[in-house]
Each structure stands twice: as C-alpha cells, then as structure tokens.
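Keep in mind that what you see is a predicted model, and the values were worked out from it rather than measured. Just so you know, these numbers use all the heavy atoms, side chains as well, and skip hydrogens, waters and symmetry mates. Counting starts at 1 for both ligands and their atoms, in listed order.
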Amino acid sequence: MKTFCDCLNENAVSEELFSVFTSLKNAVKEISRVVKTSGTEKAGTQNIYGEDQLALDVLADKIIMDELKKNPLVGLVASEELPDEVKLGDGEYAVCYDPLDGSSLVDVNLAVGTIFGVYKRKTFVGAKGNEQVAALIAVYGPRTTVVLTSGKRVQEFVLGSDNKFVLANDDIKIEEGKMFAPGNLRAVSERADYMNLVDYWCKEKYTLRYSGGMVPDINQILLKGKGIFSYPGYGDVPDGKLRLLFECAPMAFLVTQAGGAASDGNVEILEKVVEKLDQRTPIYIGSKGEVERCCKFLQ
Ligand code: F6P
C-alpha cells in the first residue's frame, strides 16, 4: 500500500512543497480527531461574514494556524475565519484555507471538510486560482479522506486506524454522467434560467446527490468521476455565497486537474482575480460537458 509520502515522492514534489503538504496533513489529522470527539456548541462569536461560529470552527482554525506557524517555508496565510491575511515570515509559500466548511452540518452528523489552496505569493490580493501550486481538501465523514493535487495528478488518501494516510484512488478523472448537486435552489424563485436548468436535470433523470456541504458534494463528483455542482447568485446576492479564494479556486484547481471544469457562467474560476479576500462568486463545477451546459442555460 502506498503512503502519502510515497506518492508525493513519486510525483517528484519538491522538498519544500513536501514540507507544506506535511503541515496540511498534520492539521487534517488533528481536525479529524476533534471533529469526532468535541462538542457542537456555538463559540458565542461571529466570523467576518456575520455567521455564528462553532467552537469547532475556532478550534480548526487554530489547529491549522499553529501547524503552519511551525513551518518556516510558509510566509503568508489567510483563513476564511479571519478578517485579514497574516504574514508569518519570509517563507515563499502562501496558504489559504477554509478550516471547517459546512460546519452547520456538524450537529446533525453529516460530513464536513477543510479546503486548502497553496500559492507562492506575498499577498493573496491580485492572485488568480491558476497560480496555485497545490490544493487539498479533507472530508470528515465516516472515514477521513483527503484529495490533493500538486498539478500532476489528483489522488485520494484515506486515514487508517494507525493514523496514517494511504492511497485509495490514483489519478482521479472526471467524465460525463447524470448526477447533480443543485446549490442555492432558492434562486429559482427569481431566475427562470436556473429553473429551466434544474428542470432539464430532472427531466433527463439525473441522480440527485446533494448534502449541503460543498466539500463532500464536490468530493463526490471527483470520486464518482461525473456530475455537476452549482451555486448561482440572484437578487440582492448576485455573486452567491461561496468565496473565490477560500472555496471556489482550490476546488476549481482540483476539478480542472482531474479533467473537469469550473466557471462562474462567463469566466473560468481559475482565471478570476482575487480583488478582496472575502470576494464571492457564482460557481458551476464538475464535468466539462455539464459546466458548458450551465453556461449555455444561464446566459
Ligand atoms: O460555504 C459554506 C456552505 O456550507 C457550503 O459548504 C455549502 O455548499 C453551502 O454553504 C450551502 O449553502 P446554503 O446554506 O445556501 O444551502
């Protein structure tokens, strides 16, 4: 069985990026432990978006920050839970992360996840997703898994009882197939174009697979090798809810590396410039054919 480290070596990942992946892996192991053993109480605070934070959101954020602070190669971090990016030192790597995406699902014991994007930059402002040198997501479900890419191939690892990650899926590829995860369905109240798209999926007998967590929903598309996840905007929130830097760009990097695509309806997600850290974007992400269909229906 191949380990996480075997695969990074096989993919000829540089010593420096290997070290960054090791920090991410260590943080994921610790978050996996606390998600399974901690309470689900509110922290009594709100994040910069005005969303109630769970004690677990705060803890996951601290676990990642503490781990990255130990790595001198990481010079810059940005967390979805913090108002600004934080300069840690002179290291060339910049890591952005959503520590516990979908945390409102924790109390009902649905899967949640962590999202990381890795760049070589001195600020995230001005970055485009296609500058990422690596991306990694972790899913905390019945099993803890990670899917990662360093731009070579997309691989999945599963955390075993010995607390080690081993390779579960090598070279993940997304092809065409009828599976849909339609986010923000409330938009159909104002958008006939989204209604028509959802109607198309239903009439064509697509399989509905939607959990309410972006990480498990897109992880599913990667692992089943087919499908589409959508999260449009409407009315007062034309850009929807999902954040370009922390959620959409790393997901787009993984899915694109697996042969899929990601668009905001007009522009590829990986081509969009981060103008501010909390920038939101509509997203249509999955197989190439399905993303093209979204762009056609939603013009
Ligand atoms: O960004 C957080 C998140 O929970 C995503 O994981 C998920 O896809 C989305 O929000 C769900 O949005 P809504 O609350 O609008 O259903």
Side-chain angles (χ1 to χ4, degrees), residues 28 31 35 40 42-43 46-54 56-58 60-61 64 78-82 96-117 129 135-141 145-147 179-191 194-195 198 208-223 227-252 254-255 260 262-265 269 274 276-286 290-291 294:
V28 165
I31 296 171
V35 164
T40 59
K42 292 201 171 133
Q46 292 190 326
N47 64 15
I48 50 161
Y49 312 99
E51 299 161 346
D52 286 333
Q53 288 178 307
L54 295 183
L56 260 176
D57 285 315
V58 178
D61 186 50
I64 296 171
S79 163
E80 199 187 65
E81 297 297 326
L82 300 176
C96 57
Y97 55 92
D98 182 355
L100 204 60
D101 185 77
S103 58
S104 67
L105 303 172
V106 168
D107 59 352
V108 291
N109 205 20
L110 279 166
V112 292
T114 302
I115 308 171
F116 295 101
L136 182 152
I137 55 171
V139 181
Y140 313 106
T145 56
V146 305
V147 175
M179 190 174 80
F180 72 135
N184 207 14
L185 266 187
R186 47 182 98 73
V188 303
S189 64
E190 292 184 20
R191 289 190 57 171
Y194 194 40
M195 183 72 240
V198 173
L208 174 66
R209 287 289 180 269
Y210 184 74
S211 75
M214 187 192 199
V215 183
D217 285 338
I218 295 180
N219 184 65
Q220 174 163 238
I221 292 171
L222 286 159
L223 271 295
I228 180 76
F229 172 93
S230 55
Y231 201 105
Y234 73 110
D236 292 344
V237 279
D239 292 327
K241 167 186 183 189
L242 300 174
R243 288 94 185 176
L244 176 60
L245 178 66
F246 300 109
E247 293 163 314
C248 297
M251 287 299 192
L254 281 166
V255 165
S263 171
D264 70 358
I269 295 291
V274 174
K276 52 181 185 142
L277 298 190
D278 63 351
Q279 184 174 334
R280 296 168 196 247
T281 178
I283 185 167
Y284 309 98
I285 181 168
E290 290 302 334
V291 173
C294 291

Considering only N or O atoms, set out every pair between ligand 1 and the protein closer than 3.5 Å, with distances to one decimal place.
unit_1: ligand 1; atom_1: 1 (O); unit_2: E247; atom_2: OE2; d: 2.7
unit_1: ligand 1; atom_1: 6 (O); unit_2: D101; atom_2: OD2; d: 2.6
unit_1: ligand 1; atom_1: 6 (O); unit_2: M214; atom_2: N; d: 2.7
unit_1: ligand 1; atom_1: 8 (O); unit_2: M214; atom_2: N; d: 3.3
unit_1: ligand 1; atom_1: 10 (O); unit_2: K241; atom_2: NZ; d: 2.8
unit_1: ligand 1; atom_1: 12 (O); unit_2: K241; atom_2: NZ; d: 3.2
unit_1: ligand 1; atom_1: 14 (O); unit_2: K241; atom_2: NZ; d: 3.0
unit_1: ligand 1; atom_1: 15 (O); unit_2: R186; atom_2: NH1; d: 2.9
unit_1: ligand 1; atom_1: 15 (O); unit_2: R186; atom_2: NH2; d: 3.3
unit_1: ligand 1; atom_1: 15 (O); unit_2: Y231; atom_2: OH; d: 2.5

Residues G286 and V255: closest non-hydrogen pair is O-CG1, 3.7 Å
Test log, rule side-chain hydrogen bond (donor to acceptor under 3.5 Å, both in side chains), inputs Y234 and S189: CA-CA 9 Å; Y234 73 110; S189 64; 5.1 Å; no
Result of checking I218, V215, V146 against I137 for side-chain contact (heavy atoms from CB on, under 4.5 Å): V215
Any chance you could measure M251, atom CE, to I221, atom CD1, to the nearest 0.5 Å? 9.5 Å
Does the distance from a Lys or Arg side-chain N to an Asp or Glu carboxylate O, for E51 and R243, drop under 4.0 Å? yes
Name the one of I269, L245, V274, D239 that satisfies side-chain contact (heavy atoms from CB on, under 4.5 Å) with T281? I269
